[in-house]
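Here's the structure, in structure tokens; my notes come after.
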Number of protein chains: 2
Amino acid sequence: MVTKKKSRPASPGLRQRRRLQTEEKIFLSAMHLFRDKGFVQTTVEEITRAAGVAKGTFFNYFPSKEHVLGFLIERQKGAVAAHLEMARAGQLPVPEVLKRLGHALTLFPGKSPQMARSVIAAFLANEDVRARISVEMSTGRQAVAEMIRLGQQRGQIRSDAVPAQLAHNFHRALIGTVVLWALDPVSPLKKHLEETIALVVAGACPAAQAPCPPARRKKEAQ
Amino acid sequence: MVTKKKSRPASPGLRQRRRLQTEEKIFLSAMHLFRDKGFVQTTVEEITRAAGVAKGTFFNYFPSKEHVLGFLIERQKGAVAAHLEMARAGQLPVPEVLKRLGHALTLFPGKSPQMARSVIAAFLANEDVRARISVEMSTGRQAVAEMIRLGQQRGQIRSDAVPAQLAHNFHRALIGTVVLWALDPVSPLKKHLEETIALVVAGACPAAQAPCPPARRKKEAQ
DNA sequence: ATAAAATATGACTAGCGGTCAACTATGACC
DNA sequence: GGTCATAGTTGACCGCTAGTCATATTTTAT
């Protein structure tokens, strides 16, 4: 017996379906509660009650409360991959793709300040989740660096910058924007994001664009 | 009796001294533990044990575990004020002052990844602390905006930008750098910070600023 | 039909932040 | 020095929560 196929040979199986259903129910209930009440204020019992299962069932699916949010990683991975594909296709200029990626990545935490705080709290609190996150973030940045490299080849991004470094700065700017908004959600995240991305992308575009002509040089003001 | 001076007329008082001492002991014990073990992993009882007082005493000084870190606000306020003064004095160019401010502000959370996580966790988890933080952050940004305005008058910062917006971006970049480092502390925070600040400051400098940072042009090397 | 495996359940535990009534030290006043 | 109100200390205690686990239930294989 090399392959441990066990008892999952060719059955779509009632169990399989149930399992996925239950997992989905728990996940969605958790997300709604996190969005409305926040991570800390939501108890596992509330989640399971909302999902219509017993408390113990939760831990058959997720090893800890934080791990539910670990699920988001998959979403983000998908988004990054899709945008990399988009960049490769070449229909859109890379800066535009980056802009869209920024919006896509912040879509979920941006659902509510509570949700943003929940995500950050969970990522920070749980050693295991954090470890996984940091790996995925790293590979995600590599993908972004690849997009940037493509943009450089096409003359859409200044080529005197190291792609990996630009990717890192992109990442930092995104995170900073979300966290600052989570701490102090004055206006919609989207607005902050526009500003941030505009800045980063502008800084990454070829020098040619000279967006600062009306710079009155007050030299003599000293 | 209009003035309720009560019993604190001219006494430095043993009580006063004791009170300050105890507060300091609790605060420092907490900081050490947070730095070494992290916020969540440190219990109030551990803190008080390390400080040599009973558990209940903790709550005579801080209304919650999170509030201990609220103390940092004062530090940060001081740092911002000092740097604003520095900028006003005009001995140093404003971009240099901003650079130093960035390092000063991240000094504390940068003591260890655990400490950074602790600060973020505490700020995010407690409603009350967060409210205070966001107020102070806002006034802090105003001060930074003021520095930037000064820099513009002196021709050290491009004047086609809105100071408040630049200040916001400065803030976002700092936060993003610290949070990303807290999630994934690969190299010293200082290094990341240098990069970030260099980028932001470069973006803020008058258009004259040549082509970006000293990046080796990788040419067509793949 | 029946055995075996997968899954669901909720009572239970350990440990935490925070409270509070009882206690002790301080210092103002005589 | 003695007295007493008040500030400050203490640790037993409470309510609550994440996570466990023995048991019960359901599905699947034979």
Side-chain angles (χ1 to χ4, degrees), chain A residues 1 4-26 29-30 33-34 37-70 118 121-122 125-129, chain B residues 1 4-26 29-30 33-34 37-70 118 121-122 125-129:
Chain A
M1 267 297 192
K4 297 164 68 184
K5 278 258 213 158
K6 265 190 158 178
S7 52
R8 204 114 319 145
S11 61
L14 173 57
R15 258 195 195 144
Q16 284 260 17
R17 250 178 300 139
R18 281 263 172 90
R19 176 158 256 279
L20 288 178
Q21 272 181 2
T22 307
E23 186 170 76
E24 186 76 2
K25 272 195 298 182
I26 294 177
S29 303
L33 286 164
F34 290 166
K37 306 181 44 179
F39 181 78
V40 190
Q41 289 73 28
T42 302
T43 73
V44 172
E45 207 159 6
E46 282 175 313
I47 297 172
T48 52
R49 210 182 305 136
V53 295
K55 187 181 173 186
T57 303
F58 181 93
F59 295 97
N60 289 340
Y61 290 85
F62 305 96
S64 82
K65 193 176 146 191
E66 286 86 5
H67 278 79
V68 190
L69 281 167
S118 299
N126 189 291
E127 203 67 27
D128 190 44
V129 172
Chain B
M1 265 299 189
K4 296 163 69 184
K5 278 256 212 160
K6 265 189 155 178
S7 52
R8 202 99 340 131
S11 62
L14 172 57
R15 267 207 186 131
Q16 285 260 17
R17 250 178 299 139
R18 282 262 172 91
R19 175 158 258 279
L20 289 178
Q21 272 182 0
T22 307
E23 186 170 77
E24 186 76 0
K25 270 196 298 183
I26 294 177
S29 302
L33 285 164
F34 290 165
K37 306 182 44 179
F39 181 78
V40 189
Q41 289 73 27
T42 301
T43 72
V44 173
E45 207 160 5
E46 281 176 314
I47 297 172
T48 52
R49 210 182 306 135
V53 295
K55 188 181 173 186
T57 302
F58 181 93
F59 296 97
N60 290 340
Y61 289 86
F62 305 97
S64 82
K65 193 176 146 191
E66 286 87 4
H67 277 79
V68 191
L69 281 167
S118 299
N126 190 291
E127 203 66 27
D128 190 45
V129 172

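All of these numbers come straight from a predicted model, not from anything done at the bench.
- In this structure, the CZ atom of A:R17 is 12 Å from the C1' atom of D:dT27, given to the nearest Å.
- The distance from atom CZ of A:F39 to atom P of D:dT17 is 13 Å, rounded to the nearest whole Å.
- In this entry the distance linking CD of A:E23 with C1' of C:dT7 reads 14 Å, nearest Å.
- Among the heavy atoms of the strands lying under 4.0 Å from B:K65 are primed sugar atoms or P, OP1, OP2 only; no base atom is included.
- A sub-4.0 Å separation between OP1 or OP2 of D:dG8 and a side-chain N or O of B:Y61 is absent.
- The interatomic distance linking B:I47 (CD1) with C:dG18 (C1') rounds to 13 Å, in whole Å.
- Heavy atoms of A:T42 sit under 4.0 angstrom from primed sugar atoms or phosphate atoms, though from no base atom.
- Taking every heavy atom of both residues into account, A:K37 and A:Q41 meet most closely at O-OE1, 3.1 Å.
- For B:T43, taking side-chain heavy atoms from C-beta onward, the closest of the listed nucleotides C:dG18, C:dG27, C:dG17 is C:dG17.
- Distances shorter than 4.0 Å separate some side-chain N or O of B:R18 from OP1 or OP2 on C:dT26.
- Nearest heavy-atom pair, B:F62 versus B:I26, reported as atom, atom and distance to 0.1 Å: CE1-CG2, 3.7 Å.
- Among the nucleotides C:dT7, C:dG18, D:dT10, the one closest to the side chain of B:K55 is C:dG18.
- Rounded to an integer number of Å, the gap from A:F59 CZ to C:dC12 P is 18 Å.
- At the phosphate of C:dT7, OP1 or OP2 sits under 4.0 Å from a side-chain N or O atom of A:R19.
- Checking D:dT9, D:dG19, D:dT10 against every side-chain atom of B:T22, the shortest atom distance belongs to D:dT9.
- Side-chain nitrogen and oxygen atoms of B:T57 include none within less than 4.0 Å of the OP1 or OP2 phosphate oxygen of D:dT9.
- If you measure from atom CG of A:N126 to atom P of D:dA18, you get 13 Å, rounded to the nearest angstrom.
- Across the protein-nucleic acid pair, B:K37 atom NZ and C:dC16 atom C1' stand 12 Å apart, rounded to whole Å.
- In this entry the distance linking CD of B:E45 with C1' of D:dA12 reads 11 Å, nearest Å.
- Here the shortest heavy-atom pairing between A:N126 and A:S64 reads ND2-OG, 3.4 Å.
- Of the inter-residue distances, the one linking A:T48 atom OG1 with A:F58 atom CZ reads 8.5 Å to the nearest 0.5 angstrom.
- With D:dT26, C:dG10, C:dG17 as the choices, the nucleotide that has an atom nearest any side-chain atom of A:A54 turns out to be C:dG10.
- Here the side chain of B:K65 pairs no donor or acceptor atom with the backbone of B:A122 at under 3.5 angstrom.
- Checking C:dA5, C:dG17, C:dA25 against the side-chain heavy atoms of A:R15 singles out C:dA5 as nearest.
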